[in-house]
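Contents: one structure, followed by commentary.
Throughout, protein chains are lettered first and strands after them, A, B, ... in sequence-line order, and every chain is numbered starting at 1.
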Protein chains: 2
Amino acid sequence: MASFREQKIARKKREILRSAAAVLAEKGYHGTTMEEIAAQLLMTKGSMYYYFKNKDDILYHCHQMIMELSLEKIEEVAGSNLNPDDKLQSAIKAHILLSIEEKSMFMIMDKPSQKFTEDQLKEVLDAQKKYAHFFDQILNEGVEKQVFEILDIKMVRMIILGALNSIQHWYNHDGPQTGEEIAYAYAANLLKMVVKPSLQK
Amino acid sequence: MASFREQKIARKKREILRSAAAVLAEKGYHGTTMEEIAAQLLMTKGSMYYYFKNKDDILYHCHQMIMELSLEKIEEVAGSNLNPDDKLQSAIKAHILLSIEEKSMFMIMDKPSQKFTEDQLKEVLDAQKKYAHFFDQILNEGVEKQVFEILDIKMVRMIILGALNSIQHWYNHDGPQTGEEIAYAYAANLLKMVVKPSLQK
DNA sequence: TTGAAAATTAAACATAAATTTAAAAAATAA
DNA sequence: TTATTTTTTAAATTTATGTTTAATTTTCAA
């Protein structure tokens, strides 16, 4: 079990990662200084190094944090016993809602840093493959159950994930549309791409 | 008319932009040094400043170069007298083929630099709006001519452009698929999203 | 061939920011 | 309270690299 102190450190680390993600998303990796990350938390940059090895380590842990969250969600949806179309709809919605809720974290995810260690890079790429695989699984299931008609699963997955992963770039929390609305519209449109015409609702 | 010398300068500038785009795409803005850009052309970093004001100026002109190319293509397609579905297909294919051919340039486009001047930023954003507008125009025309069925044009355009703009991140020139194949598959799938079911080929 | 303009260069300059360090402050347990 | 450990800090260090400069080389027209 985690001691009180360990919990406290873990909380502080999460605070730092959130603060960092916010700045990183807005200003980019090299536009973001350790000082800025620290300042948001009323700390000095020096103490960042008490919690993280260096700046890249912070970025890596941001990736890790959001990857874990994403995988949890998709795993749950993929493992549910929904019909293929409802399952795909759920997966799309879950992805969008998370990407909006955690907009900053998602925005820094587009490309793994060139400075990650080999292990870190592998972790990130593996998680992405894993995530993609869950989508493929859902699409495959739909084809097997004759609900979907798909020529090339991988291509369709690329289209879907590509569309989903651009939302955080334009979504604005103060804008007119709610995340729910966007999620609903995206799901409805993307499903048209795969659901057999004869089965379209 | 451009003098011989002016042409030569223009050519050199293009060479620098291409060299820069290649490094920028691979290593990111701050991972790219002026020295590296120059070295690829067997020049020294100092002479970069004979052609461009500074590093951001180079990045800006990369944006400008690719925006011009993109707008030319989409303008041509949008202005053609193809049927709405063929027109959308052409637009999608043109976008994909250009994004693959000019992969580096497209990769650095995802977010305008925080360091652009106000004017530069405006130019970039305006061009993007203009580009998006051509797509909206094509979609609208399809609806008017009752070939497409679209609830929310803007949303559909976002989905399409989001999907298209992710290709350069995973596309590999040495990979198994040709640009043509990808373009064809993307167009076929995305069209399913908008063409009335009764008219699907 | 020659000299002015254009282009290139090496070296100097400037600065920004990541990281380290050693000391101070705060927290905690005895 | 007091001693020990944890956490925070300010300042020093280091490094990297964008930009400037002044001198040199190249180009090209007369």
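Contact annotation: the side chain of B:H61 never approaches that of B:K13 to less than 4.5 Å [non-hydrogen atoms, C-beta and beyond]. Side-chain contact between B:P176 and B:E181: absent, with no pair of heavy atoms (C-beta onward) separated by less than 4.5 Å. Here the side chains of A:Y171 and A:I96 are not in contact, with every heavy-atom distance at 4.5 Å or above.
Between B:E6 atom CD and C:dA6 atom C1' the separation is 13 Å, expressed in whole Å. The nearest whole Å value for the distance from the NZ atom in B:K55 to the C1' atom in D:dT17 is 8 Å. D:dT17 atom P lies 13 Å from atom NZ of B:K115, rounded to whole Å. In this structure, CD1 of B:I58 is placed 14 Å from C1' of D:dT17, rounded to the nearest angstrom. A:Q7 places its CD atom 18 Å from the P atom of C:dA27, with the value rounded to the nearest Å. Protein atom OH of A:Y29 is 13 Å distant from nucleotide atom P of C:dA17, rounded to whole Å. Taking atom CG of residue B:N54 and atom P of nucleotide D:dT20, one finds them 8 Å apart after rounding to whole Å. At whole-Å resolution of the value, CD in B:E35 and P in D:dT19 are 13 Å apart.
Using a 30° and 60° split on the angle between ring planes, B:H63 and B:F116 fall in the perpendicular class, above 60°.
In this structure, A:K73 is not positioned above the aromatic face of A:F134 in the sense of NZ or CZ being under 6.0 Å from the six-membered ring centre and within 45° of the axis.
Applying the ring-ring contact (aromatic ring centres under 6.0 Å, His included) rule to pairs touching residues 74-115 of chain A yields A:H95-A:F106, A:H95-A:Y131, sequence neighbours excluded.
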I'd like a list of close polar pairs between nucleotides 6-13 of chain D and the protein, N/O only, cut-off under 3.5 Å.
residue	atom	partner	partner atom	Å
D:dT6	O3'	A:R5	NE	3.2
D:dT7	OP2	A:Y50	OH	2.1
D:dT7	O5'	A:Y50	OH	3.4
D:dT8	OP1	A:K12	NZ	3.3
D:dT8	OP2	A:Y51	OH	2.6
D:dT9	OP2	A:T44	N	3.1
D:dT9	OP2	A:T44	OG1	3.3

